[in-house]
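Quantities reported herein were computed from a predicted structural model and do not represent experimental measurements. We're numbering straight along the sequence, starting at 1.
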Amino acid sequence: MLSSTCTAAVRGLSTTAQLSKINNVTVIGAGLMGSGIAQVSANAKLNVVVVDSNQSALDKAQKGIESSLQRVAKKKHADDAKAQTALVSSVLDRIKMSTNVSDSVKDADLVIEAIVENIDIKRKLFAEVEAAAKPTTLITTNTSSLRLADIGLNLKDKTRFGGLHFFNPVPMMKLLEVVRHNDTSDDTFQKLMEYGKAVGKTTVACKDTPGFIVNRLLVPYMFEALRLYERGDASMPDIDVAMKLGAGYPMGPFELSDYVGLDTCKFIMDGWHKQYPDEVAFKPSPLLDSLVDAGKTGRKSGEGFYKYK
């Protein structure tokens, strides 16, 4: 259930108040998430700058976005090569790449941070962004596990700070969690909701709670499956089959954990456990810890709970 504050903000979207339009978006971080956010933003006819300190990451992002757009174009215009080329070109023309944060945020109406989940690095980045951006620029994070209040602790104006949690792969996944902390203004929240709809996402509102909605339910579910196995109550394959055929999940919890990355699962739960040591749902798993220590992090390493060729 939404808090009364979030609910009131959602109702406010139906009012006649005129909100300033978001035209220029700066995405900081050229990884899979940042590239996907840039693609859907440019596809919505917004001007986008992708920023990363690593030029090779930017080059890789450029190629990845182009390949993704080509797949979209072929699906949308299967029998029209010219239309395919036009679609790809029109979106790519709205995306620029840069290694300079300050220059890239000067004209931004919206900044979306999509870098490593390290709170100190994020805080340092946001200090640079706030110093260089316009006083009206909305500043957001794509964090999946850290609290907004902690990330934005040192921001001078916290009213323009919020969360936009996209899901991977961004062009395909329809959901966007729009997150507000105690200081996020109603105006900021409404603009972020409108941005989400403009880029074709179904938006859901959430307050600043660990994992927001999806990960707050999903990560403890995966760890509960681990505890079920560690007690010897059922095998990994049987637990996976049971959840797929009994609950209708596309992947079982162990398959999903391998897909997400066991190191990512551990990182999220370790952070939550440190902050809420008495919460039983956030209790770490000895088996998961041992696998990560051995470098077995799931599909990306070739082995996790299962082995992959």
Side-chain angles (χ1 to χ4, degrees), residues 2 5-30 32-51 65 72 90-91 94-96 104-115 125-126 129-130 133-144 148 151-152 155 157-181 183-208 212-214:
L2 297 176
T5 303
C6 288
T7 303
V10 173
R11 287 198 207 102
L13 293 176
S14 61
T15 68
T16 57
Q18 296 297 311
L19 302 176
S20 58
K21 187 174 177 59
I22 292 174
N23 293 306
N24 302 318
V25 178
T26 297
V27 181
I28 304 177
L32 286 175
M33 294 303 296
S35 297
I37 296 168
Q39 179 180 326
V40 298
S41 297
N43 191 59
K45 295 182 171 52
L46 302 176
N47 302 313
V48 180
V49 181
V50 181
V51 187
I65 293 171
V72 172
S90 66
V91 177
R94 287 190 284 271
I95 300 176
K96 291 181 172 58
S104 300
V105 302
K106 285 180 179 178
D107 297 321
D109 302 308
L110 170 65
V111 174
I112 304 173
E113 169 269 312
I115 65 171
L125 172 65
F126 281 126
V129 169
E130 188 175 37
K134 299 179 296 185
T136 56
T137 300
L138 304 183
I139 301 173
T140 67
T141 176
N142 182 58
T143 184
S144 60
L148 270 63
I151 295 173
L155 286 173
D157 183 1
K158 297 179 176 63
T159 65
R160 294 181 288 114
F161 179 54
L164 290 173
H165 182 218
F166 290 84
F167 293 81
N168 190 36
V170 177
M172 301 296 295
M173 299 295 280
K174 297 296 184 183
L175 182 66
L176 175 62
E177 291 180 325
V178 181
V179 187
R180 66 183 303 163
H181 60 100
D183 295 319
T184 305
S185 71
D186 289 344
D187 185 57
T188 294
F189 180 76
Q190 290 176 26
K191 289 176 183 177
L192 296 182
M193 291 288 281
E194 287 300 315
Y195 161 79
K197 293 174 183 178
V199 299
K201 301 305 178 186
T202 297
T203 57
V204 293
C206 185
K207 67 178 183 179
D208 191 17
F212 313 133
I213 298 173
V214 174

Practice prompt. Please lay out, stage by stage, how E113 and N142 fare under the test side chain to side chain contact (heavy atoms under 4.5 Å, CB included).
Written response: CA-CA 6 Å; E113 169 269 312; N142 182 58; 5.8 Å; no
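- Side-chain polar atoms of Y195 and T203 form no donor-acceptor pair below 3.5 angstrom.
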Worksheet item: Under the side chain to side chain contact (heavy atoms under 4.5 Å, CB included) criterion, do T140 and F161 qualify, and how do the steps go?
Response: CA-CA 6 Å; T140 67; F161 179 54; 5.7 Å; no
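- In terms of heavy-atom proximity, I95 sits nearest to A38 at CD1-O, 4.1 Å.
- Counting heavy atoms from C-beta on, the side chains of V49 and V27 never come closer than 4.5 Å.
- Residues L148 and G163 come closest through the heavy atom pair CD2-N, 3.2 Å.
- The distance from atom CG of L110 to atom OG of S41, rounded to the nearest 0.5 Å, is 7.5 Å.
- Atoms CE and CZ, on M193 and R180 in that order, are 10.0 Å from each other to the nearest 0.5 Å.
- When I139, I28, V111 are each tested for a side-chain contact (heavy atoms from CB on, under 4.5 Å) with L125, only one passes: I28.
- V91 approaches Q39 most closely through the heavy-atom pair CG1-O, 4.1 Å.
- Counting non-hydrogen atoms of other residues, nucleotides and ligands closer than 6.0 Å to CG of D107 gives a total of 12 or fewer.
- Here K134 pairs with D109, T136, T137 under the side-chain contact (heavy atoms from CB on, under 4.5 Å) rule; sequence neighbours left out.
- A 6.0 Å sphere centred on CG of L32 holds no more than 12 heavy atoms belonging to other residues, nucleotides or ligands.
- Atom CD1 of I115 is separated from atom CE of M33 by 13.5 Å, given to the nearest 0.5 angstrom.
- When all heavy atoms of S35 and A30 are compared, the pair lying nearest together is OG-O, 3.3 Å.
- Counting only distance, with no hydrogens or angles, the side chain of E194 and the backbone of G196 share no donor-acceptor pair below 3.5 Å.
- Looking at heavy atoms from C-beta onward, T141 lies out of side-chain contact with L164 at the 4.5 angstrom threshold.
- A distance of 8.0 Å separates OG1 of T184 from CG of D208, quoted to the nearest 0.5 Å.
- Using modelled atom types and a 3.5 Å distance limit, the side chains of S185 and D187 yield no donor-acceptor pair.
- Distance check: N24 CG to K106 NZ gives 14.5 Å after rounding to the nearest 0.5 Å.
- When all heavy atoms of T159 and T188 are compared, the pair lying nearest together is O-OG1, 2.8 Å.
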Practice prompt. Run the numbers on H181 and K207 for side chain to side chain contact (heavy atoms under 4.5 Å, CB included), then give the verdict.
Written response: CA-CA 6 Å; H181 60 100; K207 67 178 183 179; over 6 Å; no
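- Summarising the geometry of T26 relative to A108, their closest heavy-atom pair is OG1-CB, 3.4 Å, with the distance given to 0.1 Å.
- The NZ atom of K191 sits 5.5 Å away from the CG atom of L138 when rounded to the nearest 0.5 Å.
- Take F166 and apply the ring-ring contact (aromatic ring centres under 6.0 Å, His included) test, not counting sequence neighbours, and it matches no residue.
- The backbone N or O of P135 lies less than 3.5 Å from a partner atom in the side chain of R160, making a donor-acceptor pair.
- Counting only residues at least two apart or on different chains, the side-chain hydrogen bond (donor to acceptor under 3.5 Å, both in side chains) pairs with a member in residues 164-179 are H165-E177.
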